[in-house]
2 protein chains.
Amino acid sequence: MTRSKSKRQTGCPIAFALDTFGDKWSLIIIRDMLMRGKETYGEFLAADEKIATNILADRLQHLQDEGLIEKKRDPQNRRRYLYRLTPKGLDLTPIVLEMVRWSAAYDPNTKASPAVVTRIQSDREGLLKDLIQKNKPERD
Amino acid sequence: MTRSKSKRQTGCPIAFALDTFGDKWSLIIIRDMLMRGKETYGEFLAADEKIATNILADRLQHLQDEGLIEKKRDPQNRRRYLYRLTPKGLDLTPIVLEMVRWSAAYDPNTKASPAVVTRIQSDREGLLKDLIQKNKPERD
DNA sequence: CTGTATCCTTAGGGATACTG
DNA sequence: CAGTATCCCTAAGGATACAG
């Protein structure tokens with residue numbers, strides 16, 4: 001494990017947020033769970049950004065330690081695991097959406113779904129509710 | 001210079017945002033400008049988080065290159081510079097506010113101004129407008 | 001398939017001295 | 001004060017082999 005993540009430990013909320021999920025990969029994983037319905041190790045590994053397997057394992061563990069995701073056995077298939085957002089992790093949704101909005105506005109190269117982008121403006125609250133509903137962990 | 005910042009260059013808006021300002025220090029600098037009225041090199045250097053002088057210079061340059069901030073001479077004092085958020089940088093405000101909200105909710109140790117935190121919930125739009133107004137670059 | 005373990009490279013960043 | 005320039009080190013992360 002590449003365990004460490006020395007925290008800055010000033011009381012600043014921005015510093016806290018950065019120390020918790022402000023690395024190169026955490027939000028990519030969160031995005032995959034939140035926006036793309038991914039929930040298994042293999043699905044995360046297959047992401048466009050090509051995360052290395054050891055890094056993925058490390059980040060999943062870290063996100064668990066921080067209480068943003070939870071890991072449980074797949075009831076359909078006893079030898080695999082499912083990763084799901086906890087309420088605390090799910091509550092990152094507004095941050096993710098604002099990042100999508102910002103990038104869509106300034107990166108001509110961005111390929112965000114137009115349906116999502118326009119809805120961020122026109123129906124932010126509804127979109128938020130939908131995403132949170134879809135990722136509610138009370139299945140099984 | 002520590003120039004590089006290899007971009008992932010997938011079309012994903014989250015990856016783009018992370019590649020643009022997703023390092024350990026950029027959002028700390030943005031926060032200082034946006035929420036604390038800082039605009040000079042020395043003021044940034046004095047932050048609680050103790051950024052090293054070379055890193056600060058590098059990040060300021062990077063943020064300029066990305067078009068998030070601009071640097072101009074202080075009209076009051078010809079031998080100093082002022083750093084200000086551009087509209088593009090100012091448009092990160094919603095992201096910053098959502099991060100403050102999240103940390104305030106989950107970090108018992110956070111020392112965010114309660115005035116700001118409660119206003120994020122009760123008057124998000126008004127708070128946004130106020131912050132943007134305060135940081136409008138049309139002074140001088 | 002779901003990870004661990006190991007090895008190795010490199011970029012990020014700290015300390016500090018120095019310059020206009 | 002407002003930066004540059006060096007030196008150095010560590011932790012983040014890539015490649016790959018291996019295990020349950």
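OP1 and OP2 of C:dG12 both lie 4.0 Å or more from every side-chain N or O belonging to B:R59. Phosphate contact (OP1/OP2 of D:dG20, side-chain N/O of A:Y81, threshold under 4.0 Å): absent. OP1 or OP2 of D:dG14 has at least one side-chain nitrogen or oxygen of A:K24 nearer than 4.0 Å. For C:dC1, neither phosphate oxygen OP1 nor OP2 lies less than 4.0 angstrom from any side-chain nitrogen or oxygen of A:R80. The phosphate of D:dG3 (OP1 or OP2) has a side-chain N or O of B:K71 nearer than 4.0 angstrom.
Nucleotide D:dA12 holds its C1' atom 15 Å from the CG atom of B:L18, rounded to whole Å. Whole-Å rounding puts the B:I51 CD1 to C:dG14 P distance at 8 Å. Counting to the nearest Å, the C1' atom of D:dG13 and the CH2 atom of A:W25 are 9 Å from each other. Atom CD of B:E43 and atom C1' of D:dA2 are 13 Å apart (whole Å). In this structure, B:H62 atom NE2 and D:dG3 atom C1' are separated by 19 Å, rounded to whole Å. What separates CZ of A:R73 from P of C:dT2 is a distance of 12 Å, to the nearest Å. Counting to the nearest Å, the P atom of C:dA15 and the CG atom of B:L56 are 14 Å from each other. For the pair A:I55 CD1 and C:dA5 C1', the interatomic distance rounds to 13 Å; values are reported in whole Å.
In this structure, the side chains of B:D58 and B:W25 stay at 4.5 Å or more apart for every pair of heavy atoms. Using a 4.5 Å heavy-atom cutoff, the side chains of A:L56 and A:Y41 are in contact.
Side chain of A:S103 to main chain of A:V100: no donor-acceptor pair is present (N/O by atom type, distance under 3.5 Å, no hydrogens or angles).
Applying the 3.5 Å distance criterion, the base of C:dG12 shares no donor-acceptor pair with the side chain of B:D23. Counting atom types as modelled, B:D58 pairs no side-chain N or O with a base atom of C:dG13 as donor and acceptor under 3.5 Å.
Between D:dA2, D:dT6, D:dG14, one nucleotide has an atom nearer to the side chain of B:N54 than all others, and that is D:dT6. Residue A:T53 has its side chain nearest to C:dA5 when only D:dG20, C:dT2, C:dA5 are considered.
Taking for each of A:A52 and B:Y83 the nucleotide of DNA chain D with the nearest heavy atom, the 5'-most of the two is the partner of B:Y83.
Figure legend: cation-pi geometry between A:K71 and A:Y81, with NZ or CZ positioned under 6.0 Å from the six-membered ring centre and within 45° of its axis.
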Please lay out, stage by stage, how A:R101 and B:D91 fare under the test salt bridge (charged side-chain N to carboxylate O under 4.0 Å, His left out). CA-CA 10 Å; A:R101 181 196 59 79; B:D91 200 17; 3.2 Å; yes
